[in-house]
Amino acid sequence: RPPQHVRQLYALVSETLRYSPVLDALLAGAALLQAEKKLPPHLAKVLVYDLLFGKGLKCGGRWKALARRHRARLQAELARLKVQRKVSRNEDLLAPAEGASLGAPQLPRYVRVNTLKTCVDDVIDFFKRQGYSYLGKAASVEELSSLSGKKFLLDLHLPELLVFPPQTDFHNNQLYTSGHIILQDKASCLPAFLLSPAAGSHVIDACAAPGNKTSHVAAILKNKGQIFAFDLDTKRLATMNTMLMRAGVTSFELAQRDFLTVDPRDSKYSKVTHILLDPSCSGSGMVNRVPTEEAAPSAERLQALAGFQRKILSHALSFPAVRRLAYSTCSVHQEENEDVVHAVLQEQGSAFRLVNVLPAWPCRGVATFPGAECCLRASPAETLTNGFFVAVLERCGEEAAVPSSLPTAAEGSLQQGRGAQPGTAHKKKRKKQRVKE
Ligand SMILES: C[S@@+](CC[C@H](N)C(=O)[O-])C[C@H]1O[C@@H](n2cnc3c(N)ncnc32)[C@H](O)[C@@H]1O
């Protein structure tokens, strides 16, 4: 049934997620899932949240009645947990207990500077004026993990990425609302950075909405050239349109379209040299994702996703002028990552090859085929990001001809000599609209 009170439902789900570690402890303590074997664990959490902390929504039917039967036991568990944690209010349970690590790992707050509107130096100055201390460029991933209070760093891999302590909230910050900064996980900044089209290029973003990567591509293009962005989802495209306008992106064409039906021979796309392909995936790498069965997709679901991903990757490579393509997923499953890339590379014969990107990146593709280590993986534990995968494919024999703004530091021996000097993009102080406090 469609929800009658969407806002209440949204609040219920987000609050359940906020209390998730506490709810896990209560469910375990009361052995609810052992007692009610048919009760799905995620539903159990929502029911227990509503029973103990919520406002008592008028829905839930038989499941709600089932949870109510365990009310006394759950309340006793809650009281016990409060005594154990030495707290009196429910909210105080949300602070992690001493020495404990509850729930999803805490990732830093990554802030991508939107170079279409400002520059890194100006944004650093802005935050300094807001009372933050700038600690310079990070030397290691460990340094990023030890950030606390009002301190921030420049990322060690991505020159336009600032790193703040976890849970720093900039959603109401003037720089965010004006599109000067984009709140984007570090791993999700990799595809556009590694695709690195030169200003003036024609680029396809095949599965583009809600558009964070598109706006990143536009920034790399310096708004010069043309972006053709496609997505199936009307609502996500509407959000994307607003986001791109706010970010000052021009020269883009958004289309609500199945990319698989876009004709590679259409003369409109005859100059497309770069493609960013970030197709639907299981999302199994997302740390803060609403938990669903997707976190552990079935073999059938993985097979279906991988089939789609192979098809859409092959289709993207069939654009006649394409020279470079970045394929990415926020999945941790080999089936959606290395296996897809390997299968399509084999199908392409010697037309395309993998580029050995970012040799300094610590986490590489799973060695399931020769060259898989050219791909990048990301994970909360190793790179302090969501779980992610990126592979960059390049047309064989084209590399010398490809103009690229990619810093040479981002590519290994296979690509040496291409592109501009490391860091030139952020070192140059560009004249940009100055950010006013
Ligand atoms: C992982 S999301 C893309 C995220 C986006 N690249 C970003 O950075 O904001 C995958 C997107 O692919 C879209 N999609 C799925 N199948 C598609 C198809 N056949 N053609 C175009 N878009 C598709 C989905 O609607 C979804 O918005």
Side-chain angles (χ1 to χ4, degrees), residues 17 20-21 24 41-42 101-112 138 140-142 144-145 147 155-158 161 163 166-167 182-195 207 209-210 212-213 216 276-299 301-306 308-310 312-313 326-342 354 357-369 372-392:
L17 282 173
S20 181
D24 280 334
H42 302 313
S101 109
L102 283 180
Q106 299 250 301
L107 301 182
R109 159 61 66 204
Y110 292 105
V111 168
R112 178 168 64 77
S140 64
V141 172
E142 290 70 44
L144 303 182
S145 66
L147 270 178
D155 184 61
L156 63 158
H157 297 110
L158 293 153
L161 196 68
V163 191
Q167 276 161 4
I182 313 282
L183 304 179
Q184 188 173 357
D185 180 53
K186 175 172 171 176
S188 122
C189 295
L190 289 171
F193 173 68
L194 298 172
L195 185 66
C207 298
N212 275 341
K213 297 182 190 78
H216 194 184
L276 194 142
L277 180 61
D278 186 38
S280 296
C281 68
S282 63
S284 51
M286 299 299 285
V287 164
N288 289 320
R289 177 187 183 92
V290 177
T292 63
E293 281 68 17
E294 303 301 289
S298 64
R301 167 106 176 110
L302 274 183
Q303 213 180 359
L305 281 166
F308 160 71
Q309 290 150 351
R310 277 198 303 271
I312 204 159
L313 177 55
Y327 171 81
S328 57
T329 74
C330 54
S331 162
V332 297
H333 291 96
Q334 184 191 313
E335 291 89 333
E336 299 178 83
N337 299 328
E338 290 86 354
D339 291 358
V340 169
V341 170
H342 186 207
L354 274 170
V357 283
L358 263 188
W361 190 259
C363 202
R364 314 302 302 187
V366 179
T368 51
F369 64 96
E373 65 287 352
C374 293
C375 308
L376 302 187
R377 271 184 173 253
S379 70
E382 284 170 284
T383 54
L384 273 188
T385 64
N386 282 307
F388 207 78
F389 174 87
V390 194
V392 175

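The basis for the numbers below is simple: all heavy atoms, side chains too, and nothing from hydrogens, waters or symmetry mates.
- Between the side chains of Asn212 and Gln184, no donor-acceptor pair is found at a separation under 3.5 Å.
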Checklist entry - side-chain contact (heavy atoms from CB on, under 4.5 Å) between Leu161 and Phe193: does it pass, once the steps are laid out? => result CA-CA 11 Å; Leu161 196 68; Phe193 173 68; over 6 Å; no
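- The nearest pair of heavy atoms linking Asn386 to Leu107 is N-CD1, 3.6 Å.
- Listed here is the closest heavy atom pair of Cys374 and Val357: O-CG2, 3.5 Å.
- Of all non-hydrogen atoms in Val341 and Leu354, the two that sit nearest each other are CG1-CD2, 3.9 Å.
- With contacts defined as side-chain heavy-atom distances shorter than 4.5 Å, the pair Ser282/His333 qualifies.
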Checklist entry - Run the side-chain contact (heavy atoms from CB on, under 4.5 Å) check on Arg364 and Cys375 step by step: do they pass? => result CA-CA 6 Å; Arg364 314 302 302 187; Cys375 308; over 6 Å; no
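- Atom-to-atom distance recorded for His216:NE2 and Arg112:CZ is 5.0 Å, nearest 0.5 angstrom.
- For residues 377-391, the salt bridge (charged side-chain N to carboxylate O under 4.0 Å, His left out) pairs, not counting sequence neighbours, are Glu338-Arg377.
- Once rounded to the nearest 0.5 Å, the distance linking CG of Leu305 with OG of Ser331 reads 8.0 Å.
- The shortest side-chain heavy-atom distance between Val390 and Tyr327 does not fall under the 4.5 Å cut-off.
- Between the CZ atom in Phe389 and the SG atom in Cys330 there is a gap of 13.0 Å [rounded to 0.5 Å].
- In summary, the side chains of Asn337 and Thr329 do present a donor paired with an acceptor at a separation below 3.5 Å, with no hydrogens or angles considered.
- For Asp278, the salt bridge (Lys or Arg N to Asp or Glu O under 4.0 Å) partners are Lys213, not counting sequence neighbours.
- Take Phe308 and apply the ring-ring contact (aromatic ring centres under 6.0 Å, His included) test, not counting sequence neighbours, and it matches no residue.
- Once rounded to the nearest 0.5 Å, the distance linking CG of Leu190 with OG of Ser328 reads 9.0 Å.
- Counting heavy atoms from C-beta on, the side chains of His342 and Thr368 never come closer than 4.5 Å.
- Between the NZ atom in Lys186 and the OG1 atom in Thr383 there is a gap of 7.0 Å [rounded to 0.5 Å].
- Side-chain atoms of Cys363 and Leu376, non-hydrogen and from C-beta on, never get closer than 4.5 Å to each other.
- With values rounded to the nearest 0.5 angstrom, Arg301 atom CZ is found 10.5 Å from Ser284 atom OG.
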